[in-house]
Amino acid sequence: MERYDFAAVEKKWQDYWEKHESFKAVTGSPKKKFYALVEFPYPSGHGMHVGHIKAYSGLEVVSRKRRLEGYNVLFPIGFDAYGLPTENTAIKDGIHPRIVTDRNIEKFTNQLKKVGFSFDWSRVIDTTQENYYKWTQWIFLKLFENGLVFRDKTLVNYCPSCKVVLSNEDSQGGKCDVCHSEIIQKSKEVWYLRITEYADKLLEGLDTVNYLPNIRLQQENWIGKSTGAFVEFSIKENGEKLRIYTTRPDTLYGVTFMVIAPEHPIIEKYRDSIANIDALDAYKAECAKKSEFERTQLVKDKTGVKIDGLTAINPINGKEIPVYISDYVMMGYGTGAIMAVPAHDTRDYEFAKKFGIDIIEVIKGGDISKEAYTGDGEMVNSGVLNGIDNKKDAIEKMLEILAEKGCGEKGVQYKMKDWAFNRQRYWGEPIPIVHCPECGMVPVPYDELPLKLPPVDNFEPGQDGESPLAKIDSFVNCKCPKCGGDAKRETDTMPQWAGSSWYFLRYCDPNNDEALASKEALEYWMPVDWYNGGMEHVTRHMIYSRFWHHFLYDIGAVNTPEPYAKRTAQGLILGPDGEKMSKSKGNVVDPNDVVETYGADVLRVYVLFMGDYEQAAPWSESSVKGCKRFLDRIWALQDKLIDGDEYRPEMTAAMHKTIKKVSEDIEAMKFNTAIAAMMTLLNTIDGIGSINKAEYKSLLMLLNPFAPHITEEIYSNNFGAILSEQPWVTYDEALCVESSVEVAVQVNGKIKAKIMIPSDAEQPEVLEIAKNDPNIAGLVNGKTIVKEIYVKGRLVNIVVK
RNA sequence: GCGGGUGUGGCGGAAUUGGCAGACGCGCCAGACUUAGGAUCUGGUGUCCUCGACGUGCAGGUUCAAGUCCUGUCACCCGCACCA
């Protein structure tokens, strides 16, 4: 047999698939549908990363297997092409982002095709195309219409380097998601989507889907629902009500002070009656200088200032208590004010110690002279609550009392905040809103969509965080759609997550001009059966897109509340040095190089064989060669091919076992062990020295989803048919067992011998054989046998005294 | 600090969920074929060693039997982070 010419063969089959549209999904087919989704790439100028290959290879294998099993598979790909890196390249090189994007998409397309992914290329989408973002804008208008869009001037996350406002999700860790600069807080009026309105639905929806447990948990934590109570404290000096949120209303008798955020409006309202207003202003100014990051990260000591002129009254016992400002209370969570219970809250305890405030124990069980006690226990010093010995009952009782007094009620809070939904940049979807001096914010009429991004020469953002679009008079100046008067267009664009929040719907019907997708297509394909992607998207894209989908469900635009029935995540590929791949470390592996040196099949097999799919693993060039060797040996089997349309007796169990193992492992995403099983089978075959037709056909079928080119080539060369048109191989559970098996024989738990027994032998027979073994007889004879254990097909243990 | 995860040969990783630890691959060693090998093939390869002892981060425990279960502890990774 000649050496395997992977370059020629891979090209040949890629052309074949393209010509025959082998992977085209047919909407409405009577076959059972399977919708496999991978996260579409952002087409950066660097081209594909081996991480993309791993991310797509998982469901690629599943999709190919499903097609062989007779499913109608939708496995689409597209490009999430709006975003800052492209715009930054455009600015730097003086090329229009449209051209940069098209160039990058072409590059990605070529690379993806060279790897032989079985995407349905007839459904490719590009979020920056007018016929796509028309519908992104349409969804925005629907959100607007339904009161889920608002503008607000508050402190926002701002990246001074990118000159944009970022959402909470894009500012995780206090760093800009795009350029990793330190985020600062800035007061600015921006657009928000009321995602918090959907917090409960997003939380409850998790019960109806099958996400990996850690994915689910991260979403739950991000949404961060807490239940507690709102309580109103009166201010002695002016009768004002100071509203707080607490999860521990049961500890109300233990309140010895209150803390409000430095920005709390009550200070402004009563600044004239506060004696030490200068000190408060100074403290506030100091806090404003710190970034959110410093304010939370670098906590060494509690700081704060007592407000001289505001005294609160505890509604439960009428006690007068001091009010402080401190930066450990945030304006952005709850009401920006807390009741402090130093005996039972660690932060309040630290603060009280530092400022010499009373600490009153209301729950027994700890030693409050040493530290705050946050556990459960019997209530003390708490009036009518005394004697109640658990938190739940105490909270309930307290809520009753508060309700009677009319100064408190049950409440719910979320960590998740509303979605800051705009960027002061050019390369994004224009927000289809007109500002009219008469009518206020007026949506662009649906029949005027898409609101096109105007051509410009200068994409630089303005100095004070103004969008480049603001400089284009012909875009900005318009007529109000409502009253016809002079008006101005909104000039901010949508954030990069907009387009990806609904792209999986568009794949169902990518060219529809009447709707984001036809009802029939959505009915047929949705929900996505299996979605795989990166962990980094769990608290961004996955939250956003679920929110949009729930909303679209509520307005009847889609047929299920949840978009994704199942979600998994792949682990990173690290550099050969075990570090995260990055250009600055110079440890980046280019998939192109691997394809050119070893072939696409080798790359595909390697990224799945390198380790547990869900775990990070370092790249190893020599292990890549091992995969090359494996495929070359599969090729070389053609020299050992003999006749035979059924598995030979000595191969039967091995074949059935391998088919079972590979079939099951693919479903469980245990691709590494699936490949190992095929390697083991290959070793068995090489040991025998020959393979018959039936065996070869099955082995090629098992390997086909992983290495489609080489398997197709061997199959068509030897069997004159197209492998991917054959049905997936099946196995018979009963034939998976060998006729005889080796079991270990232990005496007192130590292995002393190994014996061959018929695999269906029962315990007495096996023990008989074991005791007659020369190595065992000597150890057992003349001793008292205390216990005899036989684990079927595994081992025998004889306990003697 | 809270939440989650991981810890197994020289390396990546397996282990039917309590049943022969180290599958499979890499690397390494030896041999074969070669002018040559960073190609291919064959054999070997956890550690210490003479027999048989020790081995899954560490220390205990349960069990006929523990990588797997329990208690404690250490290290590293990821996520959130003064969330009231």
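Residue numbering restarts at 1 for every chain, and letters A, B, ... go by the order of the sequence lines. Please read all numbers here as calculations on a predicted model, not as lab measurements.
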J.: Is B:U45 in the syn range, within 90° of 0, or in the anti range?
T.: anti
J.: For A:Ile751, answer base if it contacts any base atom (sugar-phosphate contacts may also be present), sugar-phosphate if it contacts only those atoms, and nothing otherwise; contact means non-hydrogen atoms under 4.0 Å.
T.: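 Since only primed, P, OP1 and OP2 atoms lie under 4.0 Å of A:Ile751, the category is sugar-phosphate.
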J.: Remember a base hit wins even if backbone is also touched, and classify A:Gly224 as base, sugar-phosphate or nothing at under 4.0 Å, heavy atoms.
T.: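 Nothing, no heavy atom under 4.0 Å.
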J.: Measuring from A:Leu608:CG to A:Thr673:OG1, what's the distance to the nearest 0.5 Å?
T.: 11.0 Å
J.: Could you identify which residues of residues 733-749 of chain A place a heavy atom less than 4.0 Å from some atom of RNA chain B, listed by residue number, or say none?
T.: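 Here the set is A:Glu742, A:Ala744, A:Gln746.
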J.: Below 3.5 Å, does any donor atom in the side chain of A:Arg629 face an acceptor in the base of B:U40, or the other way round?
T.: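 Checked by distance alone, the answer is no.
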J.: Pick base, sugar-phosphate or nothing for A:Lys660, based on heavy-atom distances below 4.0 Å to the nucleic acid.
T.: nothing
J.: Send over the distance from A:Lys787 NZ to B:A65 P, rounded to a whole Å.
T.: 9 Å
J.: Distance check, P atoms only: B:G43 and B:G5, in whole angstrom units.
T.: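 The same atom, P, in both gives a distance of 43 Å.
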J.: Take atom CG of A:Leu217 and atom P of B:G79, then tell me their distance rounded to the nearest Å.
T.: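 It works out to 15 Å between those atoms.
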J.: Distance-only check: which donor-acceptor pairs under 3.5 Å involve side-chain atoms of residues 731-751 of chain A, not counting sequence neighbours?
T.:
residue	atom	partner	partner atom	Å
A:Asp732	OD1	A:Ala734	N	2.9
A:Glu733	OE1	A:Lys660	NZ	3.3
A:Glu733	OE2	A:Lys660	NZ	3.2
A:Asn748	OD1	A:Val800	N	2.9

J.: How is A:Asp632 classified with respect to the nucleic acid when contacts are heavy atoms under 4.0 Å: base, sugar-phosphate, or nothing?
T.: nothing
J.: Please give, in whole Å, the distance from B:C41 P to A:Lys640 NZ?
T.: 8 Å
J.: Under 3.5 Å, is there any donor-acceptor pair linking the side chain of A:Lys625 to the base of B:C26?
T.: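 Result: no qualifying N/O pair found.
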J.: Could you give the NZ-to-P distance, from A:Lys417 to B:C83, as a whole number of Å?
T.: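 So the NZ-P distance, A:Lys417 to B:C83, works out to 13 Å.
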J.: Which residues pass the side-chain contact (heavy atoms from CB on, under 4.5 Å) test with A:Asp376, sequence neighbours left out?
T.: A:Asn390, A:Lys391
J.: Within a strict 4.5 Å, meaning less than it, do heavy atoms of the A:Ile798 and A:Lys752 side chains meet?
T.: no
J.: Convert the base pairs of RNA chain B into dot-bracket notation, remembering that pairs crossing earlier ones are written with [ ] and that bases paired across to another strand are shown as |; include only Watson-Crick or G-U pairs under 3.5 Å.
T.: (((((((..(((......[....)))((((((.......))))))(((...)))..(((((..]....))))))))))))....
J.: Kindly label the base of B:G9 as syn or anti, based on whether its glycosidic torsion lies within 90° of 0.
T.: syn
J.: Within the 4.0 Å heavy-atom criterion, would you say A:Leu795 contacts the bases, only the backbone, or no part of the nucleic acid?
T.: base
J.: Using a 4.0 Å heavy-atom cut-off across all strands, classify A:Ala677 as base, sugar-phosphate, or nothing.
T.: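 Touches nothing.
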J.: Using a cut-off of 4.0 Å on non-hydrogen atoms, how would the nucleic acid contact of A:Asn672 be classed: base, sugar-phosphate, or nothing?
T.: sugar-phosphate
J.: Salt-bridge test for A:Asp773 and A:Lys754: reply yes if a basic N is under 4.0 Å from a carboxylate O, no otherwise.
T.: no
J.: Looking at every strand, decide which applies to A:Arg216 at a 4.0 Å heavy-atom threshold: base, sugar-phosphate, or nothing.
T.: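 Nothing, no heavy atom under 4.0 Å.
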J.: When A:Ile325 is tested against each of A:Val259, A:Thr303, A:Val305 for side chain to side chain contact (heavy atoms under 4.5 Å, CB included), which residue passes?
T.: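 Of the listed options, the one satisfying the test is A:Val305.
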J.: Tell me, for nucleotides 43-57 of chain B in 5' to 3' order, what letter each nucleotide earns: B for a base near a protein heavy atom under 4.0 Å, S for only sugar-phosphate near one, - for neither?
T.: -----------S---
J.: Whole angstrom is fine here: how far is it from CZ in A:Arg540 over to P in B:G79?
T.: 10 Å
J.: Salt-bridge test for A:Arg216 and A:Glu220: reply yes if a basic N is under 4.0 Å from a carboxylate O, no otherwise.
T.: yes
J.: May I have the distance from A:Tyr598 (atom OH) to B:G38 (atom C1'), rounded to whole angstrom?
T.: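 Whole-Å distance recorded here is 10 Å.
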J.: Could you tell me the separation between the CD atom of A:Glu579 and the C1' atom of B:C77, rounded to a whole number of Å?
T.: 12 Å
J.: Do A:Leu681 and A:Met651 have side-chain heavy atoms sitting under 4.5 Å apart?
T.: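 Yes - at least one pair of side-chain heavy atoms lies under 4.5 Å apart.
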J.: When you measure from the centre of the six-membered ring of A:Phe230, is the NZ or CZ of A:Arg243 closer than 6.0 Å and no more than 45° off the axis?
T.: yes
J.: If you look only at pairs with a residue in residues 755-767 of chain A, which of them pass as a side chain to side chain donor-acceptor pair (under 3.5 Å), with sequence neighbours excluded?
T.: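 Matches after skipping sequence neighbours: none remain.
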J.: Report yes if the side chains of A:Thr658 and A:Leu699 come closer than 4.5 Å at any heavy-atom pair, otherwise no.
T.: no
J.: So what does A:Lys754 touch, heavy atoms closer than 4.0 Å: a base, only the sugar-phosphate, or nothing?
T.: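 Base: the residue A:Lys754, judged by heavy atoms under 4.0 Å, touches a nucleobase.
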J.: Between the main-chain N or O of A:Ile363 and the side-chain N or O of A:His344, is there a donor-acceptor pair closer than 3.5 Å?
T.: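 Yes.
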J.: Do the ring planes of A:His537 and A:Trp497 sit parallel (below 30°), tilted (30 to 60°) or perpendicular (above 60°)?
T.: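 Taking A:Trp497 first and then A:His537, their aromatic rings stand perpendicular (interplane angle over 60°).
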J.: With sugar-phosphate meaning primed atoms plus P, OP1 and OP2, does A:Asp612 contact a base, only sugar-phosphate, or nothing at under 4.0 Å between heavy atoms?
T.: sugar-phosphate
